[in-house]
Amino acid sequence: ALRVNQSLEKLDLGLTNISAEGASALASALYVNHSLKQLNLRGTGLSDERASELANLLCGKHHLKVLNLSGNKMTDAGVFYLAGALRVNQSLEKLDLGLTNISAEGASALASALYVNHSLKQLNLRGTGLSDERASELANLLCGKHHLKVL
């Protein structure tokens, strides 16, 4: 249905248990859908491997504005994929990675990507386990990025 529906702008699958096959099918369907602006995959059991598929989606899907991946099993490996996508994606405005297993290395990869990304305005890393010191370092790294409004 997502392959042919070109009017759907918001899809909320939050807190559903999406299998690996379901996540792959979703990513494949969303790749050809050009109307979706908001995608909520909060707490769906998303792994690093599925984050790779979403990153590919973001590389080619230049109209998605909001992506919620909070509360998933993602680690730095998944964040590295997303950071790579953020380097080329110039439409995403809000990314929620709260309550994931991101360390300082993942946060650094995001900070590096945000130096070339000018569309992201909100990035949520709340509850990721970053220490206050690391979070402060990230904020300082992004200090000159005027387009980022909320960290």
Side-chain angles (χ1 to χ4, degrees), residues 1-3 5-114 117-132 134-135 138-139 142 145 147-151:
L2 286 174
R3 289 182 184 271
N5 184 328
Q6 294 301 312
S7 62
L8 184 68
E9 292 186 0
K10 183 177 181 180
L11 181 59
D12 186 348
L13 296 174
L15 301 177
T16 59
N17 189 12
I18 300 177
S19 68
E21 295 80 19
S24 293
L26 176 65
S28 175
L30 290 175
Y31 195 79
V32 296
N33 178 290
H34 299 289
S35 62
L36 196 67
K37 304 272 189 260
Q38 297 180 38
L39 179 58
N40 180 8
L41 295 176
R42 177 177 70 103
T44 56
L46 187 80
S47 66
D48 292 329
E49 186 177 336
R50 301 291 82 85
S52 155
E53 293 173 356
L54 280 174
N56 288 336
L57 175 71
L58 287 174
C59 286
K61 192 168 194 68
H62 298 288
H63 51 275
L64 192 65
K65 299 211 178 285
V66 177
L67 180 58
N68 185 346
L69 299 175
S70 65
N72 279 295
K73 299 175 183 176
M74 198 176 352
T75 66
D76 286 339
V79 171
F80 293 146
Y81 292 124
L82 292 173
L86 286 175
R87 289 181 177 279
V88 296
N89 180 289
Q90 294 298 317
S91 67
L92 196 65
E93 296 176 0
K94 183 178 180 182
L95 178 60
D96 190 340
L97 295 173
L99 300 173
T100 55
N101 295 314
I102 300 171
S103 74
E105 289 79 20
S108 292
L110 286 171
S112 175
L114 291 177
N117 178 293
H118 300 288
S119 65
L120 200 68
K121 293 177 177 39
Q122 294 183 32
L123 174 61
N124 179 17
L125 297 174
R126 186 175 294 136
T128 58
L130 285 177
S131 68
D132 289 342
R134 291 292 187 188
L138 179 62
L142 297 173
K145 300 304 287 180
H147 62 275
L148 193 65
K149 305 291 183 202
V150 179
L151 175 62

Specify the closest pair of heavy atoms between [X] and [Y], including all atoms of both residues, with the distance to one decimal.
X      : Y      : answer
Ala51  : Gly78  : CB-CA, 3.8 Å
Ser103 : Glu105 : OG-OE1, 2.6 Å
Ala109 : Ala83  : O-CB, 3.5 Å
Leu58  : Asn89  : O-ND2, 2.9 Å
Arg50  : Ala20  : NH1-CB, 3.0 Å

Atom pair [atom1] ([X]) and [atom2] ([Y]), whose distance is rounded to the nearest 0.5 Å:
X      : Y      : atom1 : atom2 : result
Glu53  : Ser47  : CD    : OG    : 8.0 Å
Asn117 : Gln90  : CG    : CD    : 4.5 Å
Lys10  : Gln38  : NZ    : CD    : 5.0 Å
Asn68  : Asn124 : CG    : CG    : 8.0 Å
Thr44  : Lys73  : OG1   : NZ    : 9.5 Å
Ser70  : Leu125 : OG    : CG    : 11.5 Å

Flag the pair Leu95 / Leu86 as yes when at least one side-chain heavy-atom distance between them is below 4.5 Å, and no otherwise. yes
Side-chain contact, heavy-atom cut-off 4.5 Å: Met74 with Ile102? no
Any donor and acceptor pair, going by atom type alone, linking the side chain of [X] with main-chain N or O of [Y] inside 3.5 Å?
X      : Y      : answer
Ser35  : Glu9   : no
Asn101 : Thr75  : no
Ser112 : Ser108 : no

Flag if over 12 foreign heavy atoms under 6.0 Å of NZ, Lys37: yes
Residue pair Thr100 / Asn72, side-chain donor-acceptor N/O under 3.5 Å: no
Going through the checks in order, is the side-chain contact (heavy atoms from CB on, under 4.5 Å) test met by Leu97 and Leu82? CA-CA 10 Å; Leu97 295 173; Leu82 292 173; 3.9 Å; yes
